[in-house]
Number of protein chains: 4
Amino acid sequence: MSVANSQPRRTRSGSRRDEAARLAVLHAADDLLAEHGFGALTVEAIARRAGVAKQTIYRWWPSKVEILLDTLIEDSGKRLPIPTDKPTAEGIRGYMRAFARFVTRDPAGKVLLALIAEAQHDPATAKLLHERHLGPRREQERDMLARAIDAGAISPGLGADAIDALVGAIVYRALTGSSVPYRLVDALCDDLLGARTG
Amino acid sequence: MSVANSQPRRTRSGSRRDEAARLAVLHAADDLLAEHGFGALTVEAIARRAGVAKQTIYRWWPSKVEILLDTLIEDSGKRLPIPTDKPTAEGIRGYMRAFARFVTRDPAGKVLLALIAEAQHDPATAKLLHERHLGPRREQERDMLARAIDAGAISPGLGADAIDALVGAIVYRALTGSSVPYRLVDALCDDLLGARTG
Amino acid sequence: MSVANSQPRRTRSGSRRDEAARLAVLHAADDLLAEHGFGALTVEAIARRAGVAKQTIYRWWPSKVEILLDTLIEDSGKRLPIPTDKPTAEGIRGYMRAFARFVTRDPAGKVLLALIAEAQHDPATAKLLHERHLGPRREQERDMLARAIDAGAISPGLGADAIDALVGAIVYRALTGSSVPYRLVDALCDDLLGARTG
Amino acid sequence: MSVANSQPRRTRSGSRRDEAARLAVLHAADDLLAEHGFGALTVEAIARRAGVAKQTIYRWWPSKVEILLDTLIEDSGKRLPIPTDKPTAEGIRGYMRAFARFVTRDPAGKVLLALIAEAQHDPATAKLLHERHLGPRREQERDMLARAIDAGAISPGLGADAIDALVGAIVYRALTGSSVPYRLVDALCDDLLGARTG
DNA sequence: AGATAATCGAGACGGTACGTCGGGTCTTTAA
DNA sequence: TTAAAGACCCGACGTACCGTCTCGATTATCT
């Protein structure tokens with residue numbers, strides 16, 4: 001071990017991935033979804049809009065769903081962080097409010113809705129969506145809840161499943177084109193979390 | 001002559017609609033959705049499977065979505081009636097249980113999920129789904145709730161919106177491929193309806 | 001064929017083949033070959049030029065080669081008939097002159113050259129070209145020669161193979177972009193047919 | 001794999017052309033043509049087979065046609081020399097026999113046929129083929145004939161054009177997949193050269 | 001009893017997008 | 001400078017469905 005050894009170097013010659021092309025594709029997909037809906041989201045249209053060859057898309061993404069997934073993960077990580085510090089009822093309520101806003105107002109929220117939808121039509125999408133987004137996020141959300149329960153800040157009748165009920169109620173409103181006012185989110189939290197606070 | 005009748009009646013000679021063809025199409029659509037998923041649900045495949053000409057489908061249904069909508073309305077009317085008699089907490093809980101089963105087990109429930117999904121991809125589908133299914137049904141469900149509230153059987157913090165929260169929580173579980181056990185439905189009802197009964 | 005058979009004829013419902021589309025494709029192929037060469041002769045370009053859907057081409061022709069073959073057979077049948085009446089040396093010389101003109105001047109002659117070329121690149125083309133054009137035509141040409149020999153009008157040293165030598169010499173000149181003046185054709189006939197006449 | 005790789009590794013002084021790569025490309029092209037036909041002869045396939053980068057091919061050859069041309073010129077120079085010594089009828093007949101064998105049996109003969117074919121599809125190929133192969137060779141062949149005529153060994157009715165007729169007749173047989181037996185070559189020579197012998 | 005008219009299965013048609021292949025150019029890393 | 005590797009834009013490939021449109025045959029109703 002150690003020593004000045006040269007490992008069977010993976011030489012990796014050749015051009016590296018073009019970051020500009022990668023971003024152009026992600027943005028084009030996002031924009032097309034926002035502007036013309038999922039129906040207009042064809043690989044051909046994305047390529048056209050991004051000024052990129054179709055082959056470049058197929059080289060890096062197995063399907064257009066994975067493009068959306070990439071934007072979703074990047075955006076939701078940035079714009080909808082899961083609170084990790086104070087396990088209070090207010091903290092959770094704040095997160096749910098942010099989630100409600102995300103899913104109804106943020107373009108990335110539309111991406112989430114589109115992916116949930118597409119998952120109904122295609123099992124492969126369902127698998128991907130769970131593995132790369134829904135699963136990990138649910139994990140963290142349940143953690144958040146569990147810590148709040150431990151701290152005695154809340155005592156939901158559903159236990160950690162309360163998070164699904166909250167998220168589900170909000171997502172369903174979004175899916176059916178209804179608004180999700182704070183009043184409604186707060187009432188949901190009150191009912192489902194058994195919170196001490198008002 | 002004259003008189004009696006006033007309308008410039010278009011008498012309509014010729015063959016009337018072929019009921020066998022109509023049913024064949026509905027069943028083919030249902031079967032294809034159940035067996036191979038929404039992705040395989042093309043007009044061409046339906047026609048092939050139903051042993052029917054494409055034109056016959058286009059003559060009677062503006063789109064494949066309306067075929068699904070027809071089967072959904074027919075099936076949900078039969079297999080998931082909204083209780084109209086006794087506005088009790090048990091009645092509502094029973095309905096929600098039935099709904100949970102419908103949406104996770106009944107083929108027609110899959111149709112509902114598929115339509116909710118397709119509505120995200122296509123505004124026209126969204127409009128149709130609301131006008132012909134979601135709207136009317138929500139109306140009746142809210143009635144059911146309102147009567148129960150009036151009768152003092154329940155007192156939900158969300159008011160009539162509680163129905164959306166219940167339905168949403170259940171639908172979301174179904175959309176994400178989770179099961180919806182009775183235990184969960186009951187806990188939801190307890191939390192969201194403020195029911196007197198245990 | 002023959003035999004007055006009366007089978008319950010294949011009813012053949014549905015629209016029949018669109019003759020206008022068929023002609024549009026044949027002409028588009030011809031024109032593209034003449035104007036921009038074989039390299040520009042893509043199925044997509046033919047479809048574009050003919051104002052026809054690609055699928056319509058693939059429905060009726062297994063490959064673009066068969067399109068060319070169709071035009072070649074039709075045109076060569078019309079514009080380069082094989083003399084069937086008088087088996088004289090002059091008759092044969094006249095045919096070879098016409099052939100030389102066909103292969104150097106007539107657009108359909110270019111089609112023949114292109115097909116001979118493509119046959120070098122693709123065995124399937126070679127097979128088709130022989131079966132549908134070269135074979136039958138060679139057959140008739142050899143007949144023509146045989147009858148002239150029988151009639152004592154010519155006495156070629158090569159026998160019926162003389163036709164290949166004549167055709168080959170002319171085709172090769174065309175393939176290499178050389179002209180084929182009558183003088184040359186006549187000299188070839190003189191040498192290869194052993195004709196009595198000057 | 002053909003490439004002889006016994007030579008000392010990489011002549012790293014300055015950066016001259018890599019002879020091994022050059023040969024690898026030529027052999028790969030030859031082999032692919034022989035094994036899978038012109039259709040499989042893509043630059044990408046040649047590069048793959050030769051273990052060479054595409055860019056290396058494009059650096060040294062403007063097109064795949066020039067690769068073939070290089071092999072053809074090299075091989076035909078070696079294996080099908082034009083007799084320069086004795087301008088006799090036998091000499092010419094011998095050459096034509098060798099030519100017939102070359103064009104029907106020798107892999108390099110297939111290259112010639114492929115290039116003649118490709119020349120029909122692409123004017124640039126036609127130009128190259130004439131300038132670098134057909135032209136010079138025809139020049140020498142005509143010389144050969146002229147000297148034989150001067151020597152009184154032959155007296156063709158076509159004059160020096162007789163060479164085109166001979167070559168054309170043979171090439172056409174090869175192009176159409178027919179065999180070219182010596183008997184046929186000899187008869188052609190007899191008829192077209194007006195030879196004293198035979 | 002026709003004549004009329006709407007239905008049906010069949011399938012051709014002009015299109016759009018699919019996912020793949022090869023073309024020829026350019027960039028990166030190594031020798 | 002040359003080479004291997006390979007990403008890139010481009011355009012054609014052959015296929016699947018789309019929604020529209022005839023076609024010929026089959027009912028059912030209305031003179």
Side-chain angles (χ1 to χ4, degrees), chain A residues 9 11-18 20-22 40-48 50-60 62-64, chain B residues 10-18 20-21 40-48 50-60 62-64, chain C residues 10-18 20-22 40-48 50-60 62-64, chain D residues 9-18 20-21 39-48 50-60 62-64:
Chain A
R9 269 279 113 230
T11 23
R12 277 293 298 151
S13 89
S15 289
R16 289 324 177 279
R17 179 170 189 178
D18 183 343
R22 190 187 134 259
L41 196 73
T42 67
V43 172
E44 216 132 77
I46 296 172
R48 216 145 45 212
V52 141
K54 262 200 303 180
Q55 185 55 48
T56 297
I57 296 183
Y58 284 111
R59 188 170 7 249
W60 300 108
S63 73
K64 67 185 176 186
Chain B
R10 284 300 254 114
T11 25
R12 284 266 312 145
S13 81
S15 290
R16 289 323 182 279
R17 179 168 190 179
D18 183 342
L41 196 74
T42 67
V43 171
E44 218 133 75
I46 297 172
R48 217 144 42 212
V52 139
K54 267 202 299 180
Q55 185 56 41
T56 298
I57 296 182
Y58 283 111
R59 200 186 338 265
W60 301 109
S63 72
K64 69 183 175 189
Chain C
R10 276 306 231 139
T11 23
R12 277 292 297 148
S13 92
S15 288
R16 287 331 175 277
R17 180 169 188 177
D18 183 342
R22 190 187 134 259
L41 196 72
T42 66
V43 173
E44 215 131 79
I46 297 172
R48 216 147 41 214
V52 140
K54 260 201 301 179
Q55 185 55 48
T56 296
I57 296 183
Y58 284 111
R59 188 167 11 245
W60 300 108
S63 73
K64 66 185 177 188
Chain D
R9 261 292 133 258
R10 284 298 186 72
T11 55
R12 269 304 117 240
S13 69
S15 37
R16 277 183 304 280
R17 179 168 188 178
D18 183 341
L41 196 73
T42 68
V43 172
E44 217 132 76
I46 297 172
R48 216 146 44 213
V52 139
K54 265 203 300 180
Q55 185 56 39
T56 298
I57 296 182
Y58 283 111
R59 199 181 344 261
W60 300 109
S63 73
K64 69 184 176 190

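A note on names: the letters A, B, ... follow the listed sequences, proteins ahead of strands, and every chain is numbered from 1.
Whole-Å rounding puts the D18(C) CG to dA10(E) P distance at 22 Å. When rounded to the nearest whole Å, the span between CD of E44(A) and P of dA16(F) equals 17 Å. Per the geometry, NZ belonging to K64(D) stands 9 Å off C1' belonging to dG22(E), to the nearest Å.
Remark: A45(A) pairs with L32(A), T42(A), R48(A) by the side chain to side chain contact (heavy atoms under 4.5 Å, CB included) rule, at least two apart or across chains. Checked against side chain to side chain donor-acceptor pair (under 3.5 Å), K64(D) has no partners two or more places apart in sequence or in another chain. With sequence neighbours excluded, the residues that form a side chain to side chain donor-acceptor pair (under 3.5 Å) with E44(C) are K54(C).
Put simply, the side chain of S15(A) and the base of dT28(E) share no donor and acceptor less than 3.5 Å apart. A donor-acceptor contact under 3.5 Å is not formed by the side chain of T42(D) with the base of dG22(E).
Contact record, V52(D) with A21(D): CG2-CB, 4.1 Å, taken as the closest heavy-atom pair. The heavy-atom pair separating A47(B) from A53(B) by the smallest distance is CB-C, 4.3 Å.
A heavy-atom distance below 4.5 Å is found between the side chains of W60(D) and R17(D).
Across the interface with DNA chain E, nearest-nucleotide mapping of L41(A) and G51(C) shows G51(C) to be the residue nearer the 5′ end. Of the two residues contacting DNA chain E, namely A50(B) and A45(A), the nearest-nucleotide position lying further toward the 5' end is that of A50(B). Sequence order on DNA chain F of the closest nucleotides to P62(B) and R48(C) puts R48(C) first from the 5' end.
Considering only side-chain N and O atoms, R16(A) lies under 4.0 angstrom from the phosphate OP1 or OP2 of dT29(E).
Near DNA chain E, defined here as any heavy-atom distance below 4.0 Å, the residues from residues 52-60 of chain A are K54(A), Q55(A), Y58(A), listed numerically.
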